There are 2 protein chains.
Amino acid sequence: MADTPEAMIVEHVLDAISDQRLRAGTKLGEQMLSDLFACNRANVRRALATLSAYQVVDLIPKRGAFVATPSEKEARDVFQARRALETTIIRNVIRQADDADIAALRAHLKTEHAVRQLQDRPKAIRASRTFHMLLARIGRNSVLEKYLSELTMRTSLIIGLYGPTHASLCADDEHARIVDSIIARDEARAQKMVEAHLRHIEDEIDFTQENTRLGPLSDILRPAAG
Amino acid sequence: MADTPEAMIVEHVLDAISDQRLRAGTKLGEQMLSDLFACNRANVRRALATLSAYQVVDLIPKRGAFVATPSEKEARDVFQARRALETTIIRNVIRQADDADIAALRAHLKTEHAVRQLQDRPKAIRASRTFHMLLARIGRNSVLEKYLSELTMRTSLIIGLYGPTHASLCADDEHARIVDSIIARDEARAQKMVEAHLRHIEDEIDFTQENTRLGPLSDILRPAAG
DNA sequence: TCTCTTATTATTGTTAACAATTTATGTTAT
DNA sequence: ATAACATAAATTGTTAACAATAATAAGAGA
């Protein structure tokens, strides 16, 4: 936990994005961040550069840093990439998961189900994401894990932007059935289910209208007077 | 070209890595870079943060920035990730490639073949990488394209570290045959060939001994006296 | 009341100096 | 000659002040 201030900022922003406390378009002012994390602006700027490399923050010259607002095309690309990564991940999981991993999966299903009852949307979103990241960790491919981490963040932004208010959480039973096929070591079925699951999420999204009251980025997009 | 100095540094370092002018472990001093690109150290530091986010540079506190030296495990993860991404990419290519794209592919094959005759290894490596990135561009998924870009960089580092001296370039005819199956719109065959192609590259690598005379990172790894 | 202009404020970008730490150099002793 | 130690140089990390630009507020005129 005694990490560098820079890593702290990155981590906190990613966390906030992943459970939708930070919405697309929100401005991330340098002073605000340096105050919040008790560090100088140099650290803030490097953190923002890192977040920009992760593609969850847009850096606009002379204007500042803003939480990214993915377009529909970008969103669809993200989902296709997730299908590519997660089908490979699930294959790794089935081949490599040991008893401890299976236990972890079962435990997660329980907590995820419990959280869902609480009607606490941010918590539910986070739990849902955790499931996918747990699979990635069990898959033991750090490259896929890292990339999926980024893509789940961006998925959070996408759902926050275009998603319906109450749905768009991964269906509880779909996760459970994926775990079932993992336990059964049924590779083909597990891959199909993961792919279908991701498609369901994508299908629930309505790109025809983005959820308004988005952050100050809408201001940014109008051409500056002059 | 009139980009920010920071973007310039990132681009140049990535270029140098991708055609193996920069080897794994090489130290990237801040002063050296700020002199070279005629900018202040603040810019250099942000560029290094970005490169570190791309996983092609390791940032070691109080010690500096070094070109990353992928382990065998990391290398294998990179190759598996490439298979996942590139099989999806090739599917996109087959579904979306228009005449201009096909022409571009044919043109590339020609230049790649010509370059190969010159016995100019860096140029050949670059041409080889360009083929894969051309496919990614034709696939029209910016997420996959971005990630593949990073992974081809890391592949360059891996081959530079563990690869044989003269081989480990993508086989000329394999590229050509991939293009053939694209033109034939044979999805299954193209996917198989891409996967086999990537496996061939991986198989040529000998992890038992890393190419010595690696950079100063070997010094870094010995525990500091004290 | 609305719009255009002007002045003020806030924010981003740059620079230079300083502190802290590591690396390199050179000396001494075994 | 090698190893340990002390000194000097170079490098990373931090900080504060300054300049340049953009966002905001205020005021004048239609």
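Any value given below was found using the heavy atoms of this structure, including those in side chains, with hydrogens, waters and symmetry copies removed. Since the model is a prediction, treat every value here as computed from it, not as a measurement. Chain A is the first sequence line, chain B the second, and so forth, proteins listed ahead of strands; every chain is numbered from 1.
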Any A/Arg45 side-chain nitrogen or oxygen under 4.0 Å from OP1 or OP2 of C/dT12: no
Side-chain N or O of A/Lys27 closer than 4.0 Å to phosphate OP1/OP2 of C/dA10: no
Nearest-Å distance for atom pair CG/C1', residues A/Leu59 and C/dT12: 11 Å
Nearest-angstrom distance from the residue atom NZ of B/Lys62 to P of C/dA19: 14 Å
Any donor-acceptor pair under 3.5 Å from B/Thr155 side chain to B/Leu151 backbone: yes
Exam field: side chain B/Ser128 to backbone B/Ala124, donor-acceptor pair closer than 3.5 Å: no
Selection: residues 46-57 of chain A, any non-hydrogen atom under 4.0 Å of DNA chain C: none
Those residues of residues 32-43 of chain A lying under 4.0 Å from DNA chain C by at least one heavy atom: A/Arg41
With sequence neighbours excluded, residues passing salt bridge (Lys or Arg N to Asp or Glu O under 4.0 Å) with B/Asp19: B/Arg21, B/Arg126
Results of side chain to side chain contact (heavy atoms under 4.5 Å, CB included) for A/Gln55 - residues two or more places apart only: A/Arg154, B/Lys146
All side chain to side chain donor-acceptor pair (under 3.5 Å) counterparts of B/Thr152, not counting sequence neighbours: B/Arg129
Residue pair B/Glu72, B/Tyr162: steps toward the side chain to side chain donor-acceptor pair (under 3.5 Å) verdict: CA-CA 9 Å; B/Glu72 171 173 358; B/Tyr162 305 106; over 6 Å; no
Table please: side-chain donor-acceptor pairs of residues 5-13 of chain B below 3.5 Å, with sequence neighbours left out.
unit_1	atom_1	unit_2	atom_2	d
B/Glu6	OE1	B/Arg46	NE	3.0
B/Glu6	OE1	B/Arg46	NH2	2.7
B/His12	ND1	B/Met8	O	3.0

is_close_aromatic(A/His108, A/His132), centroid dist under 6.0 Å: no
Proximal nucleotide (of D/dA23, D/dT11, C/dT11) relative to the B/Gln31 side chain: D/dT11
Nearest-nucleotide pick for B/Arg63, side chain only, options being C/dT22, C/dT11, D/dT12: C/dT22
